[in-house]
2 protein chains.
Amino acid sequence: MSPAHARDPRGSDSVRSQRIAGILRDEILAGDLTPGTWLRQDELAARLGASRIPVREALRILESEGLTESFPNRGARVPVLSLEDVNTYYRMRERLEPLTLTESLSRLTDQHLARLERIQDEIENQSDINRFLLLDRDFHMTSYSACPSGHLLAMTERLWNSTQHYRRAFMVLADPDRATIVNAEHRLILDAVRRRDPEDCERYLTGHIRRTRVELTAHPELFVDSDDASGRPGLLSGRAGFRRGG
Amino acid sequence: MSPAHARDPRGSDSVRSQRIAGILRDEILAGDLTPGTWLRQDELAARLGASRIPVREALRILESEGLTESFPNRGARVPVLSLEDVNTYYRMRERLEPLTLTESLSRLTDQHLARLERIQDEIENQSDINRFLLLDRDFHMTSYSACPSGHLLAMTERLWNSTQHYRRAFMVLADPDRATIVNAEHRLILDAVRRRDPEDCERYLTGHIRRTRVELTAHPELFVDSDDASGRPGLLSGRAGFRRGG
DNA sequence: TGCCACAGGATTGGATCCAATAACAAGACT
DNA sequence: AGTCTTGTTATTGGATCCAATCCTGTGGCA
């Protein structure tokens, strides 16, 4: 029979808190839960069919991934990032991800290369924003996937997750022919990977991230008006108008 | 009166789980809890005078800081790092910390500079290992302390915390005149900071971390024999011989 | 009118109890 | 004798209840 551990050897999402964390992670990355949204334990417990205990655990798990932040006696919310925050995250990416890529580089198989090519082909042959976000992430993560260090990979993923929302917000108002540049950069990275050239990998990946940062942070309107970036629930943030519904 | 929030405006350790996390954090960083040690919720709850709930929260908090790792249905332990893990952490530090320093650089005050000088003076005038570990950490953290990005600072601290135990283990068998090199490096960093020279700051800090990495990873005996690096409690790890005590 | 004290409701934090899972040991079958 | 099965115990995961804290609105007072 082997009831559970055969289907799930890691036991990772047979635990309720992990399942809940997974659901919330998807909702945050998909943009359903936007920065500033307060995550009420009661509400989540009711919505996801569990008690508040696994919800609390899930919020801690997400916090360790940078997807939520919590304040004592006040609750958890999706972090609101300032322009400076995102700028810093991107500078961190510029430094770290070239390392992730070069660590992965020598271990990438031909299957990986084929997959990278396939992903980039699809990126160039469609125009849906959400699809692009998924494919772009997939492109880079695939190039990192042979990195032997789980710590470095986790850190890289964390930096991606933390800035995901602002990437999406940026896409909706981006210059249409921006895609041309992105594709050129991706092609250069792909070529450097194929040649197993760590130096060029670093060069083009750093440039790719840096140019994105410069473009992204040229749009201050993507970020909060700096009036309610504090950690307090406040009057109008979150689910205002919902309490005392009658 | 103002009973609690006057002493603790952030409310950070008026919460039991935060207090417990703080105690455990200190014990791990001080070396009382070594890598591989399993952290049993019952035991910690009894020892720290609380129920298991805040202990669970504390373990999650520490996990988000890289100080513990937990396995579903199996518990939490202080992570056991391989030589490759530590090597990777140091490579991450080589990339990230120069950024932390240059971000901090222009905002460092004369008080900061005086403090750095004082710390380095004390480093050169004592020989206790644990004292050195504290002072060395304090030296670098002080140089980072004006960094405006809390995210970058937290990441930097996390990398330090994760490798703390192996730094200590290294110190006990380090070449005595190693201190000469460390002091020279610190003096060069300090001078570059005083001159507000970001380029030299990066150069000497990167070199400092890199040389330490090379020296540290030249001692494989500091790391596990690769026989019990798995995540399972096993027979002899942890509190073996304690169960069924009579 | 403006500010401070105070009470009510909402939300999170913690304790206790129970269920589920995993490690371990002894026994049955081949 | 060895391996698989099964039962026991220790440990973690989850639910419910209660306490502590915070937000908000109201009323008193200068």
Side-chain angles (χ1 to χ4, degrees), chain A residues 1-21 38-46 48-61 63 68 70-77 230-246, chain B residues 1-6 8-21 38-46 48-61 63 68 70-77 230-245:
Chain A
M1 293 296 177
S2 58
H5 62 275
R7 185 185 53 82
D8 186 50
R10 294 287 306 278
S12 50
D13 70 326
S14 72
V15 180
R16 248 185 163 83
S17 59
Q18 307 261 358
R19 264 178 42 83
I20 293 175
W38 285 91
L39 304 171
R40 299 280 151 71
Q41 298 177 4
D42 264 329
E43 178 189 345
L44 296 176
L48 302 173
S51 87
R52 278 172 45 221
I53 295 284
V55 170
R56 268 149 75 171
E57 291 277 308
L59 291 176
R60 287 290 184 199
I61 292 172
E63 188 179 4
T68 65
S70 51
F71 306 90
N73 285 312
R74 227 163 289 169
R77 68 170 184 179
S230 72
R232 288 166 317 175
L235 291 85
L236 296 176
S237 61
R239 293 156 55 249
F242 182 69
R243 57 183 69 179
R244 294 192 52 79
Chain B
M1 294 294 177
S2 58
H5 62 275
D8 185 50
R10 293 288 306 278
S12 50
D13 70 328
S14 72
V15 180
R16 248 180 162 76
S17 59
Q18 307 261 357
R19 265 180 42 83
I20 293 175
W38 286 90
L39 304 171
R40 299 283 150 76
Q41 299 178 2
D42 262 327
E43 177 188 347
L44 295 176
L48 302 174
S51 86
R52 278 172 44 221
I53 295 283
V55 171
R56 267 150 75 172
E57 291 277 308
L59 291 175
R60 288 289 184 199
I61 292 172
E63 188 178 3
T68 65
S70 51
F71 307 88
N73 284 311
R74 227 164 289 171
R77 68 170 185 179
S230 72
R232 286 164 319 172
L235 290 86
L236 296 176
S237 62
R239 294 154 57 246
F242 182 70
R243 58 185 65 179
R244 294 192 55 80

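Throughout, a chain's letter reflects where its sequence line sits, starting with A, and its residues are numbered from 1.
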Within this structure, what is the CD-to-C1' distance between Gln41(A) and dA10(C), rounded to whole angstrom?
12 Å

Atom CZ of Arg74(B) and atom C1' of dG13(D) are separated, to the nearest Å, by 14 Å

Rounded to whole Å, the CZ-C1' distance (Phe71(B) to dA23(C)) equals 15 Å

Interatomic distance, Asn73(A) CG vs dA19(D) P [rounded to whole Å]
16 Å

Side chain to side chain contact (heavy atoms under 4.5 Å, CB included) with Ile20(B): which of Leu48(B), Leu44(B), Val15(B), Ile61(B)?
Leu48(B)

For the student: nearest non-hydrogen atoms of Phe71(A) and Arg77(A), plus distance:
CE1-NE, 4.0 Å

State, to the nearest 10°, the angle formed by the axis through the first five base pairs of the helix from dT1(C)-dA30(D) to dT30(C)-dA1(D) and the axis through its last five.
20°

Check Ala58(A) against Ala21(A) and note the closest heavy-atom contact, atom names and distance.
CB-N, 3.6 Å

With a non-hydrogen cut-off below 4.0 angstrom, is Leu39(B) in contact with a base, only sugar-phosphate, or nothing?
sugar-phosphate

Side chain Thr68(A), main chain Glu63(A), donor-acceptor under 3.5 Å:
yes

Hits for side-chain contact (heavy atoms from CB on, under 4.5 Å) against Gln41(B), two or more places apart or cross-chain, chain-then-number order -> Arg52(B), Val55(B), Arg56(B), Leu59(B)

Taking only nitrogen or oxygen atoms into account, show me every contact under 3.5 Å that the protein makes with nucleotides 14-18 of chain D, one pair per line with its distance.
{"residue": "dG14(D)", "atom": "OP1", "partner": "Arg16(A)", "partner atom": "N", "Å": "2.6"}
{"residue": "dG14(D)", "atom": "OP1", "partner": "Ser17(A)", "partner atom": "N", "Å": "3.3"}
{"residue": "dG14(D)", "atom": "N7", "partner": "Arg56(B)", "partner atom": "NH1", "Å": "3.3"}
{"residue": "dG14(D)", "atom": "N7", "partner": "Arg56(B)", "partner atom": "NH2", "Å": "3.0"}
{"residue": "dA15(D)", "atom": "OP2", "partner": "Ser51(A)", "partner atom": "N", "Å": "2.9"}
{"residue": "dA15(D)", "atom": "OP2", "partner": "Ser51(A)", "partner atom": "OG", "Å": "2.8"}

How long is the line joining CH2 of Trp38(A) and C1' of dA10(C), in whole Å?
14 Å

In whole Å, I'd like the distance from the CZ atom of Arg40(A) to the C1' atom of dG13(C).
16 Å

Looking only at the side chain of Asp42(A) (C-beta and beyond, no hydrogens), which of the listed nucleotides dT12(C), dG13(D), dA22(C) gets closest?
dT12(C)

For Pro54(B) and Ser17(B) the tightest heavy-atom approach is O-CB, 3.5 Å

